[in-house]
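For ligands, and for the atoms within them, numbers begin at 1 and follow the listed sequence. Remember, predicted model here, so these are calculated numbers, not experimental data. The figures that follow rest on heavy atoms only: side chains count, while hydrogens, waters and symmetry mates do not.
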Amino acid sequence: MDYQQRQKRFWHPMSSAAAGHSTPTVVIARGDGNYVFDVEGNRMLDGVGGLWNVNVGHNRPEVKAAIARQMDELSYYQTFDGVAHPRVYDLADRLCAMFEQEDMQRVMFGSGGSDACETALKMARQYWVAAGEPSRTKFLSLRNGYHGVHMGGTSVGGNGVYHYNHGPLLPGCVLLDTPWLYRNPWGCEDAEELVAHCIRQLEETIAFHGPQTIAAFIAEPVQGAGGLIVPPATYWRRVREVCDRSGILLIADEVVTGFGRTGNMLGSRGWGVAPDILCLAKGISAGYVPLGATMYNGRIAQAIETGSGFSHMVMHGYTYSGHPLACAASLAVLDIVESENLPANAGSVGQHLLEQLLPLKREFETVGDVRGKGLMLALDLVTDKASRTPLNPMEGFAARVADAARKRGVLVRAIANKVVMSPPLTLTLDEAALIARALHEALRECC
Ligand SMILES: Cc1ncc(COP(=O)(O)O)c(C=O)c1O
């Protein structure tokens with residue numbers, strides 16, 4: 001079977017559809033634990049974790065059994081007004097209990113991260129209608145941020161490549177600089193100084209637009225797709241303070257960071273902050289069945305549930321909101337996340353992997369930075385260390401490194417000039433060493 005030929009029928013997401021263009025494709029046929037097998041039978045450590053989501057590993061019998069049980073019982077029913085099924089309530093209770101510390105009191109479901117973000121943005125606006133300040137419609141977000149591909153999420157996204165072909169986007173979306181020590185417009189290398197710059201810019205931006213026009217600030221606790229950007233430890237607390245002073249809602253897009261990837265159950269919890277709205281997906285069902293969730297704290301629940309006029313009507317939701325198979329899969333996945341304490345494993349194995357990758361920075365001129373938190377890590381590839389100029393992604397160097405690592409039995413992901421790792425949170429120390437070794441050898445081959 002010629003997969004390179006068959007690829008023509010299918011526009012791969014996030015790839016060029018140009019006639020004649022073809023990226024050699026790795027066709028994954030099977031997964032087991034932390035490993036996947038391609039159609040030729042090659043076994044590879046899944047250093048990508050599917051797409052930052054297979055947090056409990058592939059082919060887990062507990063999850064498969066829960067899905068099969070649910071399939072026997074009820075494969076689908078809807079959850080619109082006046083109808084439900086037991087699993088959606090089970091999962092809603094479970095999530096509210098898990099995030100009680102953040103005062104998360106209500107949940108709405110969708111099928112993934114883009115749904116979770118779009119729902120968050122729309123419901124933030126609804127909150128302000130219910131709270132009697134309908135002029136608050138604008139959104140603040142960060143450069144390099146990624147909030148999915150729906151129209152709202154695209155509009156608040158901080159990377160132009162997602163904007164170019166799809167405008168005009170939503171008005172009233174304002175980008176701020178990312179608290180990124182390695183590359184920032186102030187050339188600032190001190191964490192506290194950088195936070196001060198970012199907070200001043202945030203305050204000035206709020207003053208310019210007027211807090212009475214701004215609905216919410218949305219950000220990832222650690223930026224993933226935008227290049228694995230870990231903010232200084234005090235940044236989120238300072239943002240929370242500014243949001244509180246100006247009434248602005250804080251939305252944590254925890255689509256990647258939720259359920260343990262950064263070493264904490266929530267990335268925002270790791271920063272000591274409780275957001276008003278949580279966007280969850282990926283690890284919530286670990287890729288077994290698509291699922292996303294948006295959660296709201298008591299402030300939002302109270303305002304919407306007592307909203308006057310039409311403002312208490314939740315005119316949003318999907319055919320697949322709270323799909324029974326997804327809820328059943330999620331409940332089984334969350335059992336594993338908690339019983340195996342995967343956030344702690346992600347923290348310790350991730351730290352170990354980071355320490356093993358750091359020497360690459362000394363050895364290779366092209367490795368400008370090695371960074372990460374928990375089990376989300378990246379190599380940032382540059383033309384030279386002094387200028388920190390990113391390697392031109394069109395030259396395909398990161399892709400060649402990923403290819404060379406794959407030949408050594410490890411899957412990693414090339415994103416622009418970065419080599420990104422987001423393995424299952426069940427990764428062992430030995431497997432972390434395997435990733436580090438494969439990357440070391442791959443860089444030796446490519447440099
Ligand atoms: C932070 C973040 N938000 C939202 C999304 C969109 O999720 P999905 O691809 O499931 O729609 C992603 C996907 O990678 C993400 O990383």
- Item | Near-ring test F139/F217, centroid separation under 6.0 angstrom | no

- When D380 is tested against each of D369, V370, V419, V420 for side chain to side chain contact (heavy atoms under 4.5 Å, CB included), which residue passes? D369

- Message: Donor-acceptor check, side chain of H163 to backbone of G157, threshold 3.5 angstrom: yes or no?
- Response: yes

- Message: Within the 3.5 Å criterion, strictly below it, is a donor on T426 or E340 matched to an acceptor on the partner's side chain?
- Response: no

- Centroid separation Y146 to Y162 less than 6.0 Å: yes

- Query: Under 6.0 Å between the ring centres of H58 and Y35?
  - Reply: no

- Message: Students should find this: residues with any non-hydrogen atom under 4.0 Å from ligand 1. What is the answer?
- Response: G112, G113, S114, C117, Y146, H147, G148, E220, D253, V255, V256, K282

